[in-house]
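Attaching a single structure in structure tokens format; questions to follow.
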Amino acid sequence: MFTKQGPTVRELAVQALSSTERGYDLLAPKFDETPYRTPDRVLDAVTRAVRELGPFDTGLDVCCGTGAGVGVLRQLCRERAVGVDFSAGMLAEARGAFPPGSEGPAVHWVRADARSLPFAPSFELALSFGAFGHFLPAERFGLFAEVYGSLRPGGQFVFPLGAPPPVGSRAYWSLFGFDAAMRVRNALWRPRFVMYYRTFRLGDVLEDLTQAGFVVRLLPLTELGLRPDGSPRARLVVATRVGQDVSAGS
């Protein structure tokens, strides 16, 4: 499916009926051949925008998957880049993509749940791509608090966020239908596979980031295009840890 090298319909069905972690372990070898991998144009746009916020010595890719975000960190950080994910299969693929001895900052991989990060406040930059649909709204504040607790004062947590599709558009109904199907699947089948596209709303996200202790601003990613009303199709959320540690999850 998707490409000749991508997963088959049967493989996707097996993954969809697994837990989130097991599903990604199974998908990992073919993940980069699917549309689920963050496109290079998004990675490049974020790299250029975040470079203006630096310099950075240390960076953390939250829910790193096969390592696309670590590739961004290697362009932005001078000393160390760390990828963290709960899927052993995804981390194995990431390690293969960045073998020891590669040029650039040192790269480390950590298997852990992002809802309980095992880091002291040691990073200057944290980023994440395409992972937030795997967290229920009630888990979002705790996730942000964990990232906050992993950053040094002045550290920045950044991620791209696309504008929602117009109500009634093909994209709108496609995402609506996917989320509805996922809710039915999780109501009828265990273990759950958590993946929703319409639960990460900008207003709620900004509120949770602020409650976790961040000061937040939005930067337009205009190179990713404009909507008919002239607003950007995507923005970069820049959340900065300031002052002493006040987050509940640190």
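Values below: every heavy atom of this structure, side chains too, minus hydrogens, waters and symmetry copies. None of the values given here were measured: they were computed from a predicted structure.
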#### Entry: Heavy-atom side-chain proximity of Tyr197 to Met182 below 4.5 angstrom
no
### Query
Are any non-hydrogen side-chain atoms of Phe135 and Phe141 less than 4.5 angstrom apart?
no
### Task
For Arg233 and Leu226, indicate whether the former's side chain and the latter's backbone hold a donor-acceptor pair under 3.5 Å.
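Yes, Arg233 side chain to Leu226 backbone: donor-acceptor pair under 3.5 Å.
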### Query
Do NZ/NE/NH1/NH2 and the carboxylate oxygens of Glu146 and Arg115 come within less than 4.0 Å?
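Judged by the 4.0 Å cut-off on N to carboxylate O distance, Glu146 and Arg115 do not form a salt bridge.
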### Message
For the CG atom of Asp208 and the CG atom of Leu143, what is their distance to the nearest 0.5 Å?
### Response
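One gets 9.5 Å once the value is rounded to the nearest 0.5 Å.
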### Query
Looking at OG of Ser128 and CZ of Phe144, how far apart are the two atoms once the value is rounded to the nearest 0.5 Å?
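It is 9.0 Å, given to the nearest 0.5 Å.
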### Task
Quick one: closest heavy-atom pair of Ala114 and Cys63, and the distance?
CB-SG, 3.8 Å
### Query
Would you call Leu175 and Asp179 a side-chain contact if the rule is heavy atoms closer than 4.5 Å?
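Of all side-chain heavy-atom pairs linking Asp179 with Leu175, none is under 4.5 Å.
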### Query
Side-chain heavy atoms under 4.5 angstrom apart, residues restricted to Ile, Leu, Val, Met, Phe, Trp, Tyr: same cluster for Leu224 and Leu161?
no
### Task
Output yes when a side-chain donor or acceptor of Ser116 lies under 3.5 Å from a complementary backbone atom of Asp113, and no otherwise.
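No; judged by distance alone, with no hydrogens or angles, the pair does not exist.
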### Query
Can you tell me how far CZ of Phe56 sits from CZ of Arg51, rounded to the nearest 0.5 angstrom?
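Rounded to the nearest 0.5 Å, the CZ-CZ separation comes out at 10.5 Å.
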### Task
Using the side-chain contact (heavy atoms from CB on, under 4.5 Å) rule, take Phe129 and Leu43 through it: C-alpha gap first, then chi angles, then the decisive distance, then the call.
CA-CA 9 Å; Phe129 291 96; Leu43 299 172; 3.8 Å; yes
### Query
With a 4.5 Å heavy-atom cut-off, do Phe86 and Leu91 have their side chains touching?
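SC-SC contact between Phe86 and Leu91 ruled out.
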#### Entry: Sidechain-backbone polar pair: Glu93 side chain, Met90 backbone, donor-acceptor under 3.5 Å
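No; judged by distance alone, with no hydrogens or angles, the pair does not exist.
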### Residues, nucleotides or ligands: over 12 heavy atoms within 6.0 Å of Arg78 CZ
yes
### Query
Are the aromatic ring centres of His134 and Tyr24 under 6.0 angstrom apart?
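Here the rings of Tyr24 and His134 have centres that are less than 6.0 Å from each other.
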### Query
Where is the tightest heavy-atom contact between Pro137 and Thr199, given as atom of each residue plus distance?
CG-CB, 4.0 Å
### Query
Hey, does Phe157 have a side-chain heavy atom less than 4.5 Å from the side chain of Leu125?
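Of all side-chain heavy-atom pairs linking Phe157 with Leu125, none is under 4.5 Å.
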### Query
Hey, is Arg41 close enough to Glu223 for a salt bridge, meaning N to O under 4.0 Å?
no
### Query
Can the ring centroids of Phe159 and Phe132 be said to lie less than 6.0 angstrom from one another?
yes
### Task
Give a yes or no answer on whether the side chain of Asp32 reaches the backbone of Thr66 with a donor-acceptor pair at less than 3.5 Å.
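Not at all, since once roles are kept as given, no pair shorter than 3.5 Å links the two residues.
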### Query
Given the rule that I, L, V, M, F, W and Y join up when any side-chain heavy atoms are under 4.5 Å apart, are Leu218 and Val205 in one cluster?
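Cluster IDs for Leu218 and Val205 match.
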### Query
What's the spacing between Arg10 CZ and Gln15 CD if we round to 0.5 Å?
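Nearest 0.5 Å value for the CZ-CD distance: 10.5 Å.
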### Query
Between Pro165 and Ala171, what is the shortest heavy-atom contact and its length?
CB-CB, 3.7 Å
### Message
Looking at Thr58 and Glu124, would you say the former's side chain and the latter's main chain have a donor-acceptor pair under 3.5 Å?
### Response
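Judged by distance alone, yes, a pair lies under 3.5 Å.
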### Query
Can you tell if the side chain of Leu17 reaches within under 4.5 Å of the side chain of Phe193, non-hydrogen atoms only?
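Not touching, per the 4.5 Å side-chain cut-off.
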#### Entry: Heavy-atom closest pair, residues Leu221 and Pro232
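Heavy atoms only, the tightest pair is N-CB, 4.5 Å.
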### Message
Checking Tyr172 against Arg198 for the side-chain contact (heavy atoms from CB on, under 4.5 Å) test, could you report, in this order, the C-alpha distance in whole Å, the side-chain angles of both residues, the deciding distance, and whether it holds?
### Response
CA-CA 9 Å; Tyr172 173 88; Arg198 301 176 66 249; 3.8 Å; yes
### Query
So, for Ser122 and Arg80, which heavy atoms are closest and what is the spacing to 0.1 Å?
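Minimum heavy-atom contact is OG-NH2, 3.9 Å.
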### Lys NZ or Arg CZ of Arg241 over Phe214 ring: under 6.0 Å, within 45°
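No cation-pi geometry.
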### Task
State whether the number of non-hydrogen atoms from other residues, nucleotides or ligands found under 6.0 Å of Arg190 atom CZ is greater than 12.
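Correct, the count exceeds 12.
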### Query
Between Leu60 and Ser150, is any pair of side-chain heavy atoms under 4.5 Å apart?
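Heavy-atom side-chain distance check passes, below 4.5 Å.
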#### Entry: Stepwise side-chain contact (heavy atoms from CB on, under 4.5 Å) check, Thr210 with Val216
CA-CA 7 Å; Thr210 301; Val216 188; 4.2 Å; yes
### Task
Could you grab the distance from atom NZ of Lys30 to atom OG1 of Thr8, nearest 0.5 Å is fine?
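The OG1 atom of Thr8 is 6.0 Å from NZ of Lys30, to the nearest 0.5 Å.
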### Message
Membership question, hydrophobic clusters at under 4.5 Å side-chain separation (ILVMFWY): are Val14 and Leu27 in the same one?
### Response
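Different clusters.
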### Message
Tell me if the aromatic rings of Phe123 and Phe119 count as close, with their centers under 6.0 Å from one another.
### Response
yes
### Task
Take Asp85 and Ser87, measure what side-chain hydrogen bond (donor to acceptor under 3.5 Å, both in side chains) needs, and give me the verdict at the end.
CA-CA 6 Å; Asp85 202 282; Ser87 167; 4.6 Å; no
### Query
Between Val107, Val84, Leu73, which is the residue that forms a side-chain contact (heavy atoms from CB on, under 4.5 Å) with Asp61?
Leu73
### Query
Which distance, rounded to the nearest 0.5 Å, do you find between the CD of Glu207 and the CZ of Arg201?
13.0 Å
### Query
Among the clusters formed by ILVMFWY side chains lying less than 4.5 Å apart, do Leu236 and Val62 turn up in the same one?
no
### Val238 vs Thr240 side-chain heavy atoms within contact, under 4.5 Å
yes
### Task
Dump the intermediate steps for salt bridge (Lys or Arg N to Asp or Glu O under 4.0 Å) on Glu21 and Arg111, then the final yes or no.
CA-CA 12 Å; Glu21 180 179 352; Arg111 187 181 179 193; 2.5 Å; yes
#### Entry: Pro118 versus Ala112, closest heavy-atom pair with distance
CD-CB, 3.8 Å
### Message
Hydrophobic clusters here meaning ILVMFWY residues chained together by side-chain heavy-atom distances under 4.5 Å, can you tell me if Leu53 and Val70 are in one?
### Response
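No, because Leu53 and Val70 fall into different hydrophobic clusters, even though each may have its own neighbours under 4.5 Å.
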### Message
Closer than 3.5 angstrom, by distance alone: can the side chain of Arg185 be matched with the main-chain N or O of Ala16 as a donor-acceptor pair?
### Response
yes
